[in-house]
Amino acid sequence: MGRPVDRELLTRSSTMVAPWLLNKLLIRDDGRAIRIVEVEAYGGSEDDASHARNGPTARCGAMFGPAGHAYMYFTYGMHWCCNVVTGADGVGEAVLIRAGEPVSGLVEMQACRSRARREVDVTNGPAKLCEALSVDGSFDGVDLCVESSPLVLLDDGTPPPRTPACSGRIGITRSVEWPWRWFVADNPFVSNPPG
DNA sequence: GGTAAGATCAGC
DNA sequence: CTGATCTTACCA
């Protein structure tokens with residue numbers, strides 16, 4: 001189906017890596033897989049919207065670890081979201097996976113997302129795709145660049161869009177104007193929040 | 001020790 | 001638009 005992405009390419013800054021991750025695959029060890037169609041970059045100096053803004057903490061420690069590992073965070077009392085850690089070891093950066101398109105294991109994903117009536121609602125949000133893939137806090141720090149992991153970032157040869165769509169990040173109140181969200185233009189699985 | 005906000009989602 | 005649900009950060 002593909003090969004794990006090259007960790008070296010993930011050591012670049014989150015704003016370089018984020019659009020490059022579009023069209024890559026996120027795959028579970030049971031075959032469930034999605035194609036990434038929407039991402040956001042976090043971290044770097046001066047990003048007041050990043051969990052890393054106050055330095056490493058118990059919660060966001062994985063952001064400061066080596067590139068290519070997962071940073072999972074729990075929010076709103078009930079949702080897990082998945083990030084790909086980027087940048088040099090010791091630098092607090094990551095890319096939030098905001099939406100994906102199912103490519104295999106759709107039936108299993110729908111079973112995990114029983115409240116989703118329409119197919120797009122299975123994976124068109126950061127917490128939705130984690131629920132669809134049964135990914136939670138126990139995946140914090142998992143290495144996404146080795147095939148033996150329960151969750152792997154795969155490159156199946158599909159290149160990122162030549163000209164990805166770009167906008168401000170969603171669901172934050174600080175640095176909202178920064179154009180750090182990228183998505184595959186016209187893909188129906190891109191999240192579509194009010195506003 | 002208290003409180004408010006939060007990288008969200010679903011139902012009305 | 002609002003409730004669910006709970007962890008973290010920040011202030012006293």
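Among the protein residues, Ile172(A) comes within range of the sugar-phosphate backbone only, with heavy atoms under 4.0 Å from sugar or phosphate atoms but none that close to a base. Residue Ala127(A) is classed as a sugar-phosphate contact, given heavy-atom separations below 4.0 Å to backbone atoms only. When heavy atoms are screened at a 4.0 angstrom cut-off, Met72(A) is found touching no nucleic acid atom at all. Residue contacts for Arg181(A): at a heavy-atom cut-off of 4.0 Å it reaches no nucleic acid atom on any strand shown. In this structure, Asp121(A) reaches neither bases nor backbone, as no heavy-atom distance under 4.0 Å exists between it and the strands shown.
Distance from the side chain of Asn83(A) is smallest to dA7(B) among dA7(B), dA10(B), dT8(B). Among the nucleotides dA7(B), dT5(C), dC10(C), the one closest to any side-chain atom of Asn54(A) is dC10(C). Considering only side-chain atoms of His51(A), the nucleotide from dA7(B), dT5(C), dT8(B) that sits closest is dA7(B).
Taking atom CD1 of Ile97(A) as the reference point, atom P of dT8(B) lies 14 Å away to the nearest angstrom. Rounding to whole angstrom units, CH2 of residue Trp80(A) and P of dC9(B) are separated by 15 Å. Distance Arg59(A) CZ to dC10(C) P: 12 Å, rounded to the nearest Å. At whole-Å resolution of the value, CZ in Arg113(A) and P in dC9(B) are 8 Å apart. Rounded to a whole Å, the OH atom of Tyr76(A) is 6 Å from the P atom of dA7(B). Nucleotide dT7(C) holds its P atom 14 Å from the OH atom of Tyr71(A), rounded to whole Å.
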For side chain to side chain contact (heavy atoms under 4.5 Å, CB included), just list the numbers for Phe139(A) and His69(A), CA-CA rounded to whole Å, side-chain angles, deciding distance to a tenth of an Å, and then say yes or no.
-> CA-CA 9 Å; Phe139(A) 287 70; His69(A) 290 244; over 6 Å; no
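Taking atom P in both dT5(C) and dG2(B), the straight-line distance is 22 Å, to the nearest Å.
Using a 4.0 Å cut-off between a side-chain N of Lys or Arg and a carboxylate O of Asp or Glu, Glu101(A) and Arg35(A) do not qualify as a salt bridge. Using a cutoff of 4.0 Å between basic side-chain nitrogens and carboxylate oxygens, Asp30(A) and Arg32(A) are scored as salt-bridged.
Judged by closest nucleotide on DNA chain B, Arg174(A) is the one of Arg174(A) and Ser191(A) placed further toward the 5' end.
Using N1 to N3 plus N6-O4 or O6-N4 for Watson-Crick, or N1-O2 and O6-N3 for G-U wobble, each under 3.5 Å, dA5(B) pairs with dT7(C).
Here the shortest heavy-atom pairing between Met109(A) and Pro102(A) reads CE-CB, 3.7 Å.
Here Tyr42(A) lies parallel enough and close enough to stack on the base of dA7(B), with planes under 30° and ring centres under 5.5 Å apart.
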